[in-house]
Amino acid sequence: MQPTPHQYIDRQTAGVTTERLIADPLIHRLYAGARENPSLLFRAATSRRMSALLGFLNFDFSLDINGSRRLQRIRRMGIDLDECLDAPDSLDSPRKLFERRIRYWTCRPMPQAPDRIVSPADARVLVGSFDHQHALFLKEKFFSFTELLGEEKTQWIDTFDGGDFALFRLTPDKYHYNHTPVAGIIRDIYTIDGRCHSCNPGAVVSMVTPFSKNRRVVTIIDTDVPGGTGIGRVAMIEVVAMMIGDIVQCYSTIRYDDPLDLAAGMFVERGCPKSLYRPGSSVDILIFERQRVIFSKDILANMRRRDVTSRYTLNFQAPLVETDVRVRSEIGRRA
């Protein structure tokens, strides 16, 4: 039985696009029944060791992609070479294509208004709320709120109780640098260990709160400071997925120059490169304090469309349609 197609809205064109999900039949078979009775094969495939091996086989242990083969792969991935910072001839391996840098300062414009929140990645976004009274309330469909932040992190659990969130799904063809969505001072940054579940929509709906079970880096940014975005504290969670080898913190205020590791007490500007996924598919999650943000109207309207075939809609029994957004584009503003 073939998996159900999955569609999303392209923000640039407002058109409906059917996603080409890599290894979709294999992921479908692997995750079938995993909720009730995960097999030994399933446990092995979602382990960090196996994920690293799969990443190596797909991105490192492969033939050089020169000439026509390289161009075919670039076209298949939908990469715009004019955006790339490095010379096209230098992108001669799957890993280099995946970890490519772009001229984001020209090809990913950012809103000038300082109270705007921007997308941390080229990704497909859904938004929701932890507030039971909110129209966007989604009860632990993608992650457990307390588990995601770390159950021992009671300070941050209390801070974001009843708040809102935005979930960004990066696919293997995307630009994989994460950028800072807001400006402010880092109050905490920590890593939570876990597995490497796929972020394929079919895999997500087959598991119970998969994103809070994967390895992840949590960064807490206080924006109520001089020069900050002024929307309270924001949690940015970078979540690994299948074939992701690492999350490298590489914050830079000037293009990609002089990258820095992040630490509590540092001020970060909005829209700057923050980290790099190496390599595979992955997820970013932003969590906001209660009643501090208003999400963009087009993202909210797209989520509720009933003329789009979404696996989230079919499995969660409510319209949930993703919008494809670009890094540094507006996704919300101060309430």
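Computation of the quantities below employed the complete heavy-atom set of this structure, encompassing side-chain atoms and omitting hydrogens, waters and symmetry-equivalent molecules.
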Would you say the side chain of [Y] lies within less than 4.5 Å of the side chain of [X], judging by non-hydrogen atoms?
{"X": "Val217", "Y": "Gln249", "result": "yes"}
{"X": "Ile287", "Y": "Leu148", "result": "yes"}
{"X": "Ile299", "Y": "Val125", "result": "yes"}
{"X": "Ile117", "Y": "Arg333", "result": "no"}
{"X": "Trp156", "Y": "Asp188", "result": "yes"}
{"X": "Pro114", "Y": "Thr229", "result": "no"}
{"X": "Phe160", "Y": "Arg233", "result": "yes"}
{"X": "Met303", "Y": "Val127", "result": "yes"}

With sequence neighbours left out, write down each residue that passes side chain to side chain donor-acceptor pair (under 3.5 Å) with [X], or none if nothing qualifies.
{"X": "Lys174", "result": "Asp324"}
{"X": "Asp158", "result": "none"}
{"X": "Arg100", "result": "none"}
{"X": "Ser310", "result": "none"}

Cluster check [X], [Y]: I/L/V/M/F/W/Y, side chain < 4.5 angstrom:
{"X": "Val240", "Y": "Val248", "value": "no"}
{"X": "Val327", "Y": "Ile331", "value": "no"}
{"X": "Phe145", "Y": "Leu167", "value": "yes"}

Using atom types as modelled and distance alone, determine if a side-chain donor or acceptor of [X] lies under 3.5 Å from a backbone N or O of [Y].
{"X": "Thr223", "Y": "Ile231", "result": "yes"}
{"X": "Thr180", "Y": "Cys272", "result": "yes"}
{"X": "Asp161", "Y": "Ile157", "result": "no"}
{"X": "Tyr190", "Y": "Leu149", "result": "yes"}
{"X": "Thr18", "Y": "Gln7", "result": "no"}

Return the minimal non-hydrogen interatomic distance between [X] and [Y], and the atom names on each side.
{"X": "Ser129", "Y": "Gly163", "answer": "OG-O, 3.4 Å"}
{"X": "Ala235", "Y": "Ile220", "answer": "CB-CD1, 3.7 Å"}
{"X": "Leu126", "Y": "Tyr312", "answer": "CD1-CD1, 3.7 Å"}
{"X": "Tyr251", "Y": "Met266", "answer": "CD2-CE, 4.3 Å"}
{"X": "Ala183", "Y": "Gly227", "answer": "CB-O, 3.7 Å"}
{"X": "Phe295", "Y": "Ala166", "answer": "CE2-CB, 4.1 Å"}

Do the ring planes of Phe143 and Phe165 sit parallel (below 30°), tilted (30 to 60°) or perpendicular (above 60°)?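 Perpendicular: the ring planes of Phe143 and Phe165 meet at over 60°.
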Roughly how far, to the nearest 0.5 Å, is the [atom2] atom of [Y] from the [atom1] atom of [X]?
{"X": "Thr159", "Y": "Lys153", "atom1": "OG1", "atom2": "NZ", "value": "11.5 Å"}
{"X": "Thr253", "Y": "Glu269", "atom1": "OG1", "atom2": "CD", "value": "5.5 Å"}
{"X": "His176", "Y": "Leu276", "atom1": "NE2", "atom2": "CG", "value": "8.5 Å"}
{"X": "Leu262", "Y": "Ile189", "atom1": "CG", "atom2": "CD1", "value": "5.0 Å"}
{"X": "Thr219", "Y": "Ile186", "atom1": "OG1", "atom2": "CD1", "value": "6.0 Å"}
{"X": "Thr106", "Y": "Arg108", "atom1": "OG1", "atom2": "CZ", "value": "9.0 Å"}

State which residues pass salt bridge (charged side-chain N to carboxylate O under 4.0 Å, His left out) with Asp261; sequence neighbours excluded, sorted by chain then number.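 For Asp261 there are no salt bridge (charged side-chain N to carboxylate O under 4.0 Å, His left out) partners, ignoring immediate neighbours.
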Who are the salt bridge (charged side-chain N to carboxylate O under 4.0 Å, His left out) partners of Arg270, not counting sequence neighbours?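 Partners of Arg270 under the salt bridge (charged side-chain N to carboxylate O under 4.0 Å, His left out) test: none.
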Which residues, ordered by chain and number, are linked to Phe267 in its hydrophobic cluster, where ILVMFWY side chains connect at heavy-atom gaps below 4.5 Å, directly or through other members?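 Once heavy-atom contacts under 4.5 Å are chained together, Phe267 belongs with Ile185, Val225.
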Determine, step by step, whether Asn178 and Met236 satisfy the side-chain contact (heavy atoms from CB on, under 4.5 Å) criterion, reporting the C-alpha distance in whole Å, the side-chain angles of both residues, the deciding distance to 0.1 Å, and the verdict. CA-CA 10 Å; Asn178 298 304; Met236 179 175 178; 3.9 Å; yes
Arg305, Arg124, Arg169 screened by salt bridge (Lys or Arg N to Asp or Glu O under 4.0 Å) with Glu322, the one that passes: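 The single option meeting the salt bridge (Lys or Arg N to Asp or Glu O under 4.0 Å) with Glu322 is Arg169.
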Look at [X] together with [Y] and state whether they make a salt bridge at an N to O cut-off of under 4.0 Å.
{"X": "Lys96", "Y": "Asp86", "answer": "no"}
{"X": "Arg290", "Y": "Asp164", "answer": "no"}
{"X": "Asp257", "Y": "Arg255", "answer": "no"}
{"X": "Arg20", "Y": "Asp173", "answer": "no"}
{"X": "Asp222", "Y": "Arg187", "answer": "yes"}

Test side-chain contact (heavy atoms from CB on, under 4.5 Å) applied to Val293 and Arg334, step by step: CA-CA 5 Å; Val293 301; Arg334 183 191 306 151; over 6 Å; no
Check whether the ring centres of Phe142 and Phe316 lie less than 6.0 Å apart, and answer yes or no.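 They qualify: ring centres under 6.0 Å apart.
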Got a sec, which residues hit side-chain contact (heavy atoms from CB on, under 4.5 Å) with [X], two or more places apart in sequence or on another chain?
{"X": "Ala123", "value": "Ala121, Phe168, Leu170"}
{"X": "Glu330", "value": "Pro111, Arg116, Ser296"}
{"X": "Leu85", "value": "Arg101, Arg103, Trp105, Tyr256"}

Around atom CG of Asp80, are there more than 12 heavy atoms from other residues, nucleotides or ligands closer than 6.0 Å?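 Yes, CG of Asp80 has more than 12 neighbouring heavy atoms, counting only those of other groups under 6.0 Å.
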When you look at Arg216 and Ile247, which way does the side-chain contact (heavy atoms from CB on, under 4.5 Å) test go after all the steps? CA-CA 8 Å; Arg216 54 206 179 275; Ile247 307 170; 5.7 Å; no
side-chain contact (heavy atoms from CB on, under 4.5 Å) between Ser282 and Val239: does it pass, once the steps are laid out? CA-CA 6 Å; Ser282 41; Val239 185; over 6 Å; no
Tell me which pairs pass salt bridge (charged side-chain N to carboxylate O under 4.0 Å, His left out) where either residue lies in residues 4-13, with sequence neighbours left out.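 Found Arg11-Asp298.
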Can you list everything that forms a ring-ring contact (aromatic ring centres under 6.0 Å, His included) with Tyr175? Sequence neighbours excluded, please.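 Tyr175 satisfies ring-ring contact (aromatic ring centres under 6.0 Å, His included) with Tyr177, His179 once adjacent residues are dropped.
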